[in-house]
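Index from 1, following the sequence. Numbering of ligands and ligand atoms starts at 1, following listing order.
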Amino acid sequence: MGGSGDLEHAEYMGPRNAAGPPRPDGRPRGDTALYHRRALPGWAVPARPPNVSRRIPPPLYGVGLIERIPDATIRAHCGEGHIDSAKLQGAEPRNQVARFGHKPYLGTVMDFVASELFTQGISNALEGPGSKDDDSFPDPEVDSKFVADLAAFVRGLQPPGRNGTDAGGEAAFRSFGCSVCHVPDMPPATNVFSDFCVHRMGEALADGIFDHEAEGDEFGTTPLQGLRFKTVLLHDGRATTVDAAIRAHGGESQRAADAYRDAPADQREALLRFLKTL
Ligand code: HEC
């Protein structure tokens, strides 16, 4: 089914200044350098760069349906600040609106897979002529058919579905304002619980990392589908309980977090029961 990793597999990302044309909104452009905490036998782990942040890999289940959500559906939910994909060389559909990753900048499964391959040290045809790494294998190491086959496999990983319902908890989810960002259905993806927009989440969650268009305190709304299978939560895995993950919400989500914090215990418990059905 595909799944998210635990801390042992987390990657670290550090900021560096990205080259490229100025952003349309005049804000500074940033990019990331990847740092691997582990290396295969025979390879050296590079020195840890300053200002790195842990990133939990997003689960792969359901991404085929997420890819098929029309750009217009996502745009209808996002206000100012939502970012468009920086890379559009992928396969059909050629989505303009980014939707994959914690700081989303990719709109298709093909681009997502190609980018992850490169991150894992496998240069590939889709990443363009710039796709070169410093190992001894000739670049690109895999061709576009390889990437397309892998993308087709990933698209086939089924969403986790629901494990029951809880009407009282669902009502609390809506009344606290969670469903404004964690939108239950984004057709054709149902029970996905994300608006696929980027939000300013406040200083406590900020990692200070510019990633393509997303700034230090900006993150895409994590889809809550499959939440019941996760053991580490938030972009850097800092929360091990759903309660802690909710209480960490700040910035644009501060009001929802406050509503949760201030609610009577039975409403909070109902909400947590509901979240266990996802
Ligand atoms: C303004 C939009 C917004 C609102 C409102 C909001 N969230 Fe979130 N939520 C996010 C974003 C963005 C993240 C990712 C933050 C990160 O990874 O640091 C997130 C992450 C989460 C996570 C962690 C998921 C994971 O797999 O790591 C949970 C659980 C969650 N939200 C539940 C809720 C609940 C319950 C509410 C209502 C009390 C709520 N959220 C309100 C935007 C929102």
Check: Nearest protein heavy atom to atom 14 (C) of ligand 1, by residue and atom, and its distance?
Finding: Thr222 OG1, 3.1 Å

Check: Is the shortest distance from a Lys or Arg side-chain nitrogen in Arg238 or Asp236 to a carboxylate oxygen in the other one below 4.0 Å?
Finding: yes

Checklist line | ligand 1 versus Leu224: contacting region, heavy-atom distance under 4.0 Å | finding: side chain

Margin query: Using a 4.0 Å cut-off to any heavy atom of Glu252, which atoms of ligand 1 qualify?
Written below: 1 (C)

Margin query: Considering non-hydrogen atoms of the protein only, which is the closest contact for atom 19 (C) of ligand 1, and what is the distance?
Written below: His249 NE2, 3.5 Å

Note to self: Give me the nearest non-hydrogen protein atom to atom 11 (C) of ligand 1 as residue plus atom name, then the distance to 0.1 Å.
What the structure shows: Met201 CE, 3.5 Å

Checklist line | Minimum-distance protein heavy atom relative to atom 36 (C) of ligand 1 | finding: Cys178 SG, 2.8 Å

Checklist line | Location of contacts on Ile246 toward ligand 1, heavy atoms closer than 4.0 Å | finding: side chain

Check: Is atom 8 (Fe) of ligand 1 under 2.8 Å from any N, O or S atom of His182?
Finding: yes

Notebook entry, point to check: If every non-hydrogen atom of Asn191 is compared with every non-hydrogen atom of Gln225, which pair is closest and at what distance?
Noted result: O-CB, 3.3 Å

Margin query: Between Glu170 and Arg174, does any side-chain N to carboxylate O distance fall below 4.0 Å?
Written below: yes

Notebook entry, point to check: Does the pair Lys103/Asp207 count as a salt bridge with the N-to-O cut at 4.0 Å?
Noted result: yes

Next item on the list: Classify the side-chain pair Tyr260/Asp243 by whether it contains a donor and acceptor separated by less than 3.5 Å.
Entry: yes

Margin query: When you measure from the heavy atoms of Gly251 to every atom of ligand 1, does any distance fall below 4.0 Å?
Written below: no

Notebook entry, point to check: Given that the side chain starts at C-beta and the backbone is N, CA, C, O, which of these parts of Leu234 lies under 4.0 Å from ligand 1, counting heavy atoms, or is it both or neither?
Noted result: both

Note to self: What I want to find out is whether Asp258 reaches Arg255 closely enough, with some N-O distance under 4.0 Å, to be called a salt bridge.
What the structure shows: no

Check: Any N/O of Lys230 closer than 3.5 Å to an N/O of ligand 1?
Finding: yes

Check: Please state which protein non-hydrogen atom is closest to atom 4 (C) of ligand 1 and give its distance, to 0.1 Å?
Finding: Cys181 SG, 3.4 Å

Check: Is there a donor in the side chain of Thr221 and an acceptor in the side chain of Asp195, or the other way round, less than 3.5 Å apart?
Finding: yes

Next item on the list: Could you tell me if any non-hydrogen atom of Gly177 lies under 4.0 Å from any atom of ligand 1?
Entry: yes

Next item on the list: Quick one: look up the protein heavy atom nearest atom 17 (O) of ligand 1 and list residue, atom name and how far away it is.
Entry: His235 N, 2.7 Å

Check: Can you name the nearest heavy-atom pair linking Lys230 to Thr222, along with the distance?
Finding: NZ-CG2, 3.8 Å

Check: In ligand 1, which numbered atoms sit nearer than 4.0 Å to a non-hydrogen atom of Leu233?
Finding: 25 (C), 26 (O), 27 (O)

